[in-house]
Amino acid sequence: MSFSSQTKSELCRAGLSRKCCAQAECYGVLLFCNQFSAQGIKIVTESGEFAQRLTLLLRKAFHMELDGDAVSGAKHTLSITQPDKLSRIFECFGSDPGETVAHHINFAVLEEEHCRTAFFRGAFLAGGSVTDPGKAYHLELVTSHYHVSRELAALLREGGFSPKETTRKSNYLTYFKQSEFIEDFLTSIGAPVAAMEVMNAKVEKHLRGSVNRRVNCDAANLDKAVEASQEQMEAIRRLEERGMLLELPDKLKEVVDLRAAHPEFTLSQLCALCSPPITKSALNHRLRKLVELSKK
C-alpha cells in the first residue's frame with residue numbers, strides 16, 4: 001500500500017460527530033471528485049474504506065443513500081443521479097443545479113474552523129495525494145474547477161499555510177513541498193500518524209546527511225594526512241641521500257627518527273612520543289622545516 005493510501009486509510013477512521021462537519025466533508029469530496037454537476041455525481045476510488053466512509057457521510061449529512069456503487073476490479077464507482085437528491089445537495093451548498101455554470105466554494109458553509117478542517121479532509125480523500133516522505137516532500141489537491149482551486153488556496157493561506165498553484169492538463173493543483181506544511185496539514189485533517197512519518201523521515205534524512213558529511217570530512221582529512229606524511233618521508237629520503245641528516249639540530253633529528261619509524265602516525269600520536277611531549281603546532285613547524293631544507 002502506498003503512503004498516500006495509508007494516509008487516506010487513517011483519515012477514513014476519523015469520527016463523524018457533527019452533521020455540519022459531515023456536510024463540509026461531503027462538500028470537499030464533491031468539489032474534488034470526478035463529477036459534480038446537474039447531470040449527476042460520480043466518485044471513482046480504489047479505497048474500499050473511502051467508499052464506506054462516503055456512505056456514512058451521506059447518511060449523516062443528508063439522510064440519503066448512494067444510487068450506485070459499481071465495483072470493477074479494485075475500483076469503486078459511486079454515483080448519485082436522482083434529481084431530487086441532487087437538488088437537496090446543491091441547495092445545502094447554496095447553489096442551483098440548473099443555473100450553476102462554474103463551481104465556487106461557499107464560504108458560509110465553512111465559517112467554523114472544524115467545518116473547514118472537515119472540508120480539507122474531504123478534498124484530500126477525493127482529490128489529494130501525498131508522496132512517500134522517504135523519497136520527496138509533496139502533497140497536492142487536484143480539482144477540475146478553476147475557481148475552487150483559487151478559493152481553496154485562499155482558505156489555506158487563512159489557516160497559516162503557503163500553498164503553490166499550477167495546472168496539469170485540464171486540472172488545477174494546489175500543493176505543498178515544504179515538509180512543515182505537509183506535517184501540519186496532515187495533523188489538522190486527522191492523520192497524525194502520517195504526519196509523524198513525515199517528521200521521522202526528515203530526521204532520518206538529516207542524520208544520514210550529517211553522517212555522510214562527517215565521513216566525507218574525515219576521509220578528506222585522512223587523505224591530507226597521508227599526503228603530508230608521504231611528503232615528509234620523501235623529504236627525509238632526500239636529506240639522507242645528501243648526507244644532511246647528521247647536520248640537523250637534535251630537535252629535527254628526533255622528528256626524523258619518529259616519522260621514519262611511524263609513517264602512518266598522526267601528528268597527535270607523534271607529539272606523544274616526543275621527549276618531552278610537544279604541541280601539534282610545534283611538531284608541524286619542525287616537519288615543515290625538514291621539507292623546506294630538502295628542497296634547497
As an exercise, state the distance from [atom1] of [X] to [atom2] of [Y], rounded to the nearest 0.5 Å.
X: S129; Y: K8; atom1: OG; atom2: NZ; result: 6.5 Å
X: H138; Y: K177; atom1: NE2; atom2: NZ; result: 5.0 Å
X: T81; Y: K42; atom1: OG1; atom2: NZ; result: 12.0 Å
X: E25; Y: T117; atom1: CD; atom2: OG1; result: 10.5 Å
X: T7; Y: D132; atom1: OG1; atom2: CG; result: 9.5 Å
X: F32; Y: Y27; atom1: CZ; atom2: OH; result: 10.5 Å

[X]-[Y] co-clustered via ILVMFWY side chain contacts under 4.5 Å:
X: I189; Y: Y137; answer: yes
X: L139; Y: V193; answer: no
X: V142; Y: F161; answer: no
X: L293; Y: V291; answer: no
X: L155; Y: L173; answer: no

Count the heavy atoms belonging to other residues, nucleotides or ligands that lie under 6.0 Å from [atom1] of [X], then report whether that count exceeds 12.
X: M196; atom1: CE; value: no
X: H114; atom1: NE2; value: yes
X: R237; atom1: CZ; value: yes
X: E241; atom1: CD; value: yes
X: K85; atom1: NZ; value: yes
X: Y146; atom1: OH; value: no
X: K251; atom1: NZ; value: no

*asked:* Parallel, tilted or perpendicular: which one describes the rings of F176 and F181, with boundaries at 30° and 60°?
replied: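 F176 and F181: tilted rings.
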Please tell me if the side chains of [X] and [Y] come closer than 4.5 Å, counting only heavy atoms from C-beta onward.
X: T174; Y: L156; value: yes
X: F50; Y: L78; value: no
X: F93; Y: L30; value: yes
X: E234; Y: S294; value: no
X: R238; Y: R242; value: yes
X: S95; Y: N106; value: no
X: L152; Y: F120; value: yes
X: V130; Y: F185; value: no

Can you give me the closest heavy-atom contact between [X] and [Y], atom names plus distance?
X: C26; Y: L57; value: SG-CB, 3.6 Å
X: F3; Y: T131; value: CD2-O, 3.6 Å
X: N34; Y: V44; value: OD1-N, 2.8 Å
X: L283; Y: C271; value: CD2-SG, 3.6 Å
X: R88; Y: H63; value: NH2-O, 4.0 Å
X: A102; Y: H147; value: CB-CD2, 4.0 Å

Does [X] come within less than 4.0 Å of [Y], counting only side-chain N to carboxylate O?
X: E49; Y: R53; value: no
X: E183; Y: K202; value: yes
X: E292; Y: R288; value: no
X: K295; Y: E231; value: yes

*Check against salt bridge (charged side-chain N to carboxylate O under 4.0 Å, His left out), E140 and R168*: CA-CA 12 Å; E140 66 182 31; R168 183 187 297 150; 3.0 Å; yes
Would you check if the side chain of [X] reaches a backbone N or O of [Y] as a donor-acceptor pair within less than 3.5 Å?
X: E254; Y: S275; result: yes
X: S149; Y: H145; result: no
X: E165; Y: A153; result: no
X: R259; Y: H262; result: yes
X: T279; Y: A282; result: yes
X: H103; Y: F36; result: yes
X: T187; Y: A195; result: no

_side chain to side chain contact (heavy atoms under 4.5 Å, CB included) for T77 and D69? Distances and angles first, verdict last._
CA-CA 6 Å; T77 301; D69 182 359; over 6 Å; no
*Using the side chain to side chain contact (heavy atoms under 4.5 Å, CB included) rule, take E65 and T55 through it: C-alpha gap first, then chi angles, then the decisive distance, then the call.*
CA-CA 7 Å; E65 302 290 334; T55 299; 4.0 Å; yes
Atom pairs and distances, donor-acceptor, side-chain atoms in residues 12-23, under 3.5 Å, two or more places apart:
unit_1 : atom_1 : unit_2 : atom_2 : d
R13    : NH1    : S9     : O      : 3.4
R13    : NH1    : S9     : OG     : 3.4
Q23    : NE2    : A61    : O      : 3.2

*Examine the side chains of S37 and Q39 and answer whether a donor and an acceptor come within less than 3.5 Å of each other.*
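Yes, Q39 and S37 have a side-chain donor paired with an acceptor closer than 3.5 Å.
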*side-chain contact (heavy atoms from CB on, under 4.5 Å) involving K164 - partner list, sequence neighbours excluded*: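 K164 satisfies side-chain contact (heavy atoms from CB on, under 4.5 Å) with Y175 once adjacent residues are dropped.
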*Checking side chain to side chain contact (heavy atoms under 4.5 Å, CB included) for the pair E151/F107: CA distance, chi angles, key distance, verdict?*
CA-CA 9 Å; E151 291 155 2; F107 294 100; 3.8 Å; yes
